Protein chains: 2
Amino acid sequence: MATTNKYMNIFQELSEEIKNGVFEPNSLLPSEHELCERFNTSRETIRKALTLLSQNGFIQKMQGKGSLVLDISKMTFPVTGLVSFKEIQQSLGRDIQTTVHKLELIEAEDWLSKQLECPEHALTWEVVRARTIQGERVILDKDWLLQTTVPSLTEEICADSIYAYLEGQLGLNISYAKKEITVEPATDEDRALLDLDGYSHIVLVKNFVHLEDTSIFQYTESRHRLDKFKFVDFARRRK
Amino acid sequence: MATTNKYMNIFQELSEEIKNGVFEPNSLLPSEHELCERFNTSRETIRKALTLLSQNGFIQKMQGKGSLVLDISKMTFPVTGLVSFKEIQQSLGRDIQTTVHKLELIEAEDWLSKQLECPEHALTWEVVRARTIQGERVILDKDWLLQTTVPSLTEEICADSIYAYLEGQLGLNISYAKKEITVEPATDEDRALLDLDGYSHIVLVKNFVHLEDTSIFQYTESRHRLDKFKFVDFARRRK
DNA sequence: CAGTGGTCTAGACCACATA
DNA sequence: ATGTGGTCTAGACCACTGT
């Protein structure tokens, strides 16, 4: 669990303590000075950890007063940030299955090479997966990954979590992503592979995933049945 | 324009220069050392400004190499963070009108006092506004604001931007918000006040807005016609 | 007043990239 | 080997909050 970073460790340790109720919601965290002593470190380092806590909705800093612990039980769940389908569902303790409908190496067509910002005809993994939650097929995930960064891919990996494989096994460093959420008419494919229950539209979440060298290596379309879709976002006001 | 903060000023100055093309996309920013000299400041201060640029999608920092300028023209627009309807539309140069359908001081009912985390029967402003974009009424905004924090409210303010009034005139410090995006069946009110064009559902964006003392003072439901809804999110991976 | 967080500094050492 | 960013330090001064 120990990453190399001091402030990252402090952030994780304090966030665990907040989650576990060691620090009560609506109470104050120990002062920065006290935290310096507890973690035997300098104040700027403590402040980096506290900044992370603040950005992730754990605390609210108040000048002259201290750091107030927020009630994270009211937060439903921060889907913000880069979190994969599997991580989210696991965090909710949901019972899910994944059906892999397609796993092929294709040549990128015109539209796809534009999405991936890659040369046309670049070799690309195309993955189509349906997600079953509590007996209903409600999400269709369509992934495209450049073979230059992901040489091989198996059905086992797709049935589990592609993210876990990329970060864990391949050691890829995912750095940021852009998401677009819209509502679109359902396609024949949607109707065939999902239990649409009469809905004529789906929620489409497009996801452009970038590596640390800023190249896009994955483009994902996540197609959700309307009534099963929920997106939660925590955001701080930047002045 | 000059806020009090050194790193905030540097962030704004550099972000302007990136927007204006002074620094080309896919080129490197001057090194932190050079920026220290240019702004006559220490490295940690420069790094705070660069961290802000990174978090807002302007640059990608790469150890050993430098800070790469990202192509913000590909970003559509960061709707992430706390941005009001008016700010977003203005940034897109859209032609919009607002119709105020309701502006009343009411007593919070059961469900509302739960949303606002306030005592039942607390006095609350209820505001209902329809947004017309390019001739079509496509968004219905329903706002509830606690009178304890917003003593008075006029139709003129509502027709313009409530946010601008709250932050500019009242000097309220908005600090963070939680958003929830779902799809819900349209109500009779939706059908009456919007040009729903046959759609049976709307996209519902719930917004819980908190002040710096962490109290909720505003709860908003933004109801969008399906085909006119778009949400864009930029997120960095936190390890 | 004392205690809190907010900003800023000058310098140190490390890890990574490039030539 | 040099230059880049990543982390950490010890201390300074300021602004705000409470008593």
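A note on names: the letters A, B, ... follow the listed sequences, proteins ahead of strands, and every chain is numbered from 1. Just so you know, these numbers come straight off a predicted model, no measurement behind them.
Remark: the backbone N or O of Q147(A) is not paired with any side-chain donor or acceptor of W125(A) at under 3.5 angstrom. Judged by distance alone, with hydrogens and angles left aside, the side-chain atoms of S15(B) form a donor-acceptor pair with the main-chain N or O of F11(B) at under 3.5 Å. Checked by atom type and distance alone, the side chain of D213(B) pairs as donor or acceptor with a backbone atom of S215(B) at under 3.5 Å. Between the side chain of E34(B) and the main chain of S31(B), a donor-acceptor pair closer than 3.5 Å is present.
Figure legend: K178(B) and F234(A) shown without cation-pi pairing, the cationic atom not lying both under 6.0 angstrom from the six-membered ring centre and within 45 degrees of its axis.
Checking dT4(C), dT9(D), dT7(C) against the side-chain heavy atoms of S31(A) singles out dT4(C) as nearest. Listed candidates were dG5(C), dT7(C), dG6(D). Nearest to the side chain of E32(B) is dG6(D). Taking every side-chain heavy atom of K61(B) into account, dG6(D) is the closest of dT7(D), dG6(D), dC8(D).
Taking the side-chain contact (heavy atoms from CB on, under 4.5 Å) definition, one finds that T51(B) meets it with Q55(B), sequence neighbours left out. R43(B) is linked by a side-chain contact (heavy atoms from CB on, under 4.5 Å) to E32(B), C36(B), R47(B), counting only residues two or more places apart in sequence or in another chain.
Identified under the ring pair (Phe, Tyr, Trp, His ring centres under 6.0 Å) test for residues 103-124 of chain A, with sequence neighbours left out: W111(A)-W144(A).
Going from atom CG of L35(A) over to atom C1' of dG3(C) covers 14 Å, rounded to whole Å. Separating the CD1 atom of I10(A) from the C1' atom of dC8(D) is a distance of 11 Å, rounded to the nearest angstrom. One can place CD of E34(B) at 6 Å from P of dT4(D), the figure rounded to the nearest angstrom. Rounded to an integer number of Å, the gap from L28(B) CG to dG3(D) P is 16 Å. In this structure, Q60(A) atom CD and dG6(C) atom C1' are separated by 14 Å, rounded to whole Å. dC8(C) atom P lies 13 Å from atom CZ of F39(B), rounded to whole Å. Rounded to a whole Å, the CG atom of N173(B) is 15 Å from the C1' atom of dG6(C).
There is no side-chain donor-acceptor pair under 3.5 Å between T182(A) and E180(A). For the residue pair Q218(A) and T220(A), a side-chain donor N or O sits within less than 3.5 Å of a side-chain acceptor on the partner. Judged by distance alone, the side chains of S175(B) and Q60(A) do bring a donor and an acceptor atom under 3.5 Å apart. Side-chain atoms of T98(A) and R129(A) include no donor-acceptor pair closer than 3.5 Å.
With axes fitted over five pairs at each extremity, the angle between the ends of the helix from dC1(C)-dG18(D) to dT18(C)-dA1(D) is 10° (10° resolution).
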What one-letter contact string describes nucleotides 10-19 of chain D from 5' to 3', where B marks a base within less than 4.0 Å of any protein heavy atom, S marks contact via sugar-phosphate atoms alone, and - marks no contact?
B-B---BSS-

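In this structure, K6(B) does not reach the dG6(C) phosphate: none of its side-chain N or O atoms is under 4.0 Å from OP1 or OP2. For Y7(B), no side-chain nitrogen or oxygen approaches OP1 or OP2 of dC8(C) to under 4.0 Å.
Contact check of residues 45-55 of chain B against DNA chain C (heavy atom, cut-off under 4.0 Å) returns T45(B).
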